[in-house]
Enquirer: 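Pasting in a structure now, in structure tokens, and then I'll have a few things to ask.
Per chain, numbering begins at 1; letters A, B, ... match sequence-line order. Just so it is clear, the values below take in all heavy atoms, side chains as well, and ignore hydrogens, waters and symmetry mates. Since we're looking at a predicted model, the values are computed, not measured.
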2 protein chains.
Amino acid sequence: MVRQPSINAQHRPPLSTERIVDAALRIVDGQGLGRLTMRRLGDALEVEAMAIYHHLPRGKEQLLDGLVAHVAAAPAARPSPADAAAWRDALRRWARDYRARLVEHAGVLPLVVTRRNPPALAETTASLREIMRLGGVPEDAAATAAHTLLGYVVGHAALEVRGTPRPGDADEAGAAASTADWDRRFTAGLDLVLGAL
Amino acid sequence: MVRQPSINAQHRPPLSTERIVDAALRIVDGQGLGRLTMRRLGDALEVEAMAIYHHLPRGKEQLLDGLVAHVAAAPAARPSPADAAAWRDALRRWARDYRARLVEHAGVLPLVVTRRNPPALAETTASLREIMRLGGVPEDAAATAAHTLLGYVVGHAALEVRGTPRPGDADEAGAAASTADWDRRFTAGLDLVLGAL
DNA sequence: ACCTGAACACCGTTCAAGT
DNA sequence: ACCTGAACACCGTTCAAGT
């Protein structure tokens with residue numbers, strides 16, 4: 001029986017930034033941000049924690065930046081030329097998608113919401129302004145609208161997370177609002193905001 | 001020369017929950033949330049870290065809850081009966097005050113925004129609904145308005161923090177938006193939202 | 001009742017060393 | 001180039017002990 005050079009080197013995909021961030025996101029979604037440690041992340045990847053630093057030289061800071069980028073990346077699907085007049089519907093679709101992604105990864109929300117990153121934020125608002133520019137909305141009205149809409153979406157997602165008891169806490173079936181309540185509230189508020197633009 | 005029984009016991013105010021939370025807030029405002037540790041907090045209070053647990057049995061969790069309560073406490077000044085018709089102005093005042101407090105304590109914002117606390121959130125929205133109830137706004141319109149407004153205020157505050165480079169980072173005088181820009185954006189968006197209610 | 005000191009089980013990160 | 005192992009300087013928290 002021929003001895004393998006290493007148990008691991010054979011049937012394990014090599015480490016990569018993408019695999020690392022994916023594993024980190026899985027830990028955060030499943031166990032919460034507080035349980036994301038370099039050592040646990042190493043375990044999940046079947047690697048010593050220190051191997052991660054070879055791919056993320058800035059360490060945990062860079063890992064958290066990667067999580068934010070993965071969740072908050074703004075793929076504001078630009079409307080096809082034919083739809084240009086329907087910019088309001090395009091904004092509505094974008095808002096619903098963005099909110100869904102934020103709430104789905106509630107554990108990352110504290111990072112998305114407050115990590116200082118002016119360039120990433122500028123990119124998001126720019127893509128919103130582009131939708132409105134194609135729809136013929138004046139520049140400065142579009143700039144205000146972009147910040148207002150993004151603020152509402154991000155803020156409401158935060159309220160939803162804040163207003164939902166942790167699974168396993170008390171009063172889970174008590175006075176707390178249900179998912180359906182939050183859906184309704186988000187839609188109602190979104191209609192208000194879009195109507196005002 | 002008479003020996004003092006203890007250097008500290010004499011001229012030091014006794015520890016209290018309030019003093020602890022105040023000192024913690026000073027550390028967070030001055031150095032950031034990441035530098036708030038029980039040991040550093042003990043130093044600031046001229047006490048061993050372990051003494052804090054006598055006043056906050058739930059430890060750091062309770063400390064963070066205290067910070068959130070201190071910053072996000074919603075003193076929605078209820079309008080005097082004479083002002084009841086001016087509920088829109090009352091909401092505007094409330095929104096400006098709340099936003100100012102959030103931005104002033106930017107370091108606590110990640111906690112305010114996402115710490116699960118349904119009762120505290122319900123209290124805030126209830127006080128907003130009360131302002132509108134006195135102004136004669138129908139119940140369910142007021143409920144939607146309260147969530148929309150609160151979502152906008154919290155979300156915009158988060159955008160401001162996210163869009164402001166840390167003091168000492170690069171491009172501080174570069175492409176980043178100024179305080180005046182953010183003030184203008186907040187006011188413009190607030191007018192949009194209030195106009196839609 | 002209030003605080004201390006030592007200890008425990010963790011962290012993130014460095015660095016020299018292995019392959 | 002990529003990963004490991006030991007080590008360092010921290011964490012939050014417990015517990016017995018002091019006053």
Enquirer: Quick check on C:dC3: is either OP1 or OP2 less than 4.0 Å from any side-chain nitrogen or oxygen of B:His55?
Expert: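 Result: yes.
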Enquirer: Is any side-chain N of the basic residue among A:Asp181 and A:Arg184 closer than 4.0 Å to the acidic one's carboxylate O?
Expert: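 Salt bridge present between A:Asp181 and A:Arg184.
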Enquirer: Starting at CZ of A:Arg19 and ending at C1' of D:dC2, how long is that distance when rounded to a whole Å?
Expert: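 It is 13 Å, rounded to the nearest whole Å.
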Enquirer: Can you find a pair of side-chain heavy atoms, one from B:Asn117 and one from B:Val68, that are under 4.5 Å apart?
Expert: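 No, every pair of side-chain atoms sits at 4.5 Å or beyond.
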Enquirer: Hey, what are the protein-to-nucleotides 11-15 of chain D N/O distances that come in under 3.5 Å?
Expert:
residue: D:dC11; atom: OP1; partner: B:Arg40; partner atom: NH2; Å: 3.0
residue: D:dG12; atom: OP1; partner: B:Met38; partner atom: N; Å: 3.4
residue: D:dG12; atom: OP1; partner: B:Lys60; partner atom: NZ; Å: 2.8
residue: D:dG12; atom: OP2; partner: B:Met38; partner atom: N; Å: 2.9
residue: D:dG12; atom: N7; partner: B:Arg39; partner atom: NH1; Å: 2.5
residue: D:dG12; atom: O6; partner: B:Arg39; partner atom: NH2; Å: 3.0
residue: D:dT13; atom: OP2; partner: B:Tyr53; partner atom: OH; Å: 2.8
residue: D:dT13; atom: OP2; partner: B:Lys60; partner atom: N; Å: 3.0
residue: D:dT13; atom: O5'; partner: B:Tyr53; partner atom: OH; Å: 3.4

Enquirer: Under 3.5 Å, side chain of A:Arg101 to main-chain N/O of A:Val71, donor-acceptor pair present?
Expert: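 Yes.
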Enquirer: Using modelled atom types and a 3.5 Å cut-off, is there a donor and acceptor pairing between side-chain atoms of A:Arg88 and backbone atoms of A:Leu194?
Expert: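 At least one qualifying donor-acceptor pair exists.
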Enquirer: Is any side-chain heavy atom of A:Trp182 closer than 4.5 Å to one of A:His156?
Expert: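 In short, these two side chains touch, coming nearer than 4.5 Å.
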Enquirer: Output the rounded distance in Å from CD (B:Glu48) to P (D:dT19).
Expert: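 My rounded result for the distance is 15 Å.
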Enquirer: Can you find a pair of side-chain heavy atoms, one from A:Val112 and one from A:Leu102, that are under 4.5 Å apart?
Expert: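 Counting from C-beta outward, A:Val112 and A:Leu102 do come under 4.5 Å.
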Enquirer: Expressed as a whole number of angstroms, how long is the span from A:Asp43:CG to D:dC3:C1'?
Expert: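 About 15 Å, once rounded to whole Å.
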Enquirer: For DNA chain D, which ranges pair as stems of 3 or more consecutive Watson-Crick or G-U pairs, with both donor-acceptor distances under 3.5 Å?
Expert: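 So far as stems of 3 or more pairs are concerned, DNA chain D shows C:4-8 with D:12-16, C:12-16 with D:4-8.
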Enquirer: Is it true that a side-chain atom of B:Tyr152 and a backbone atom of B:Ala95 form a donor plus acceptor pair closer than 3.5 Å?
Expert: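 Pair absent, no side-chain N/O of B:Tyr152 close to backbone of B:Ala95.
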Enquirer: Give me the atom names and distance for the closest heavy-atom approach of B:Val103 to B:Glu160.
Expert: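 Scanning both residues completely, I find the closest heavy atoms to be CG2-OE1, 3.7 Å.
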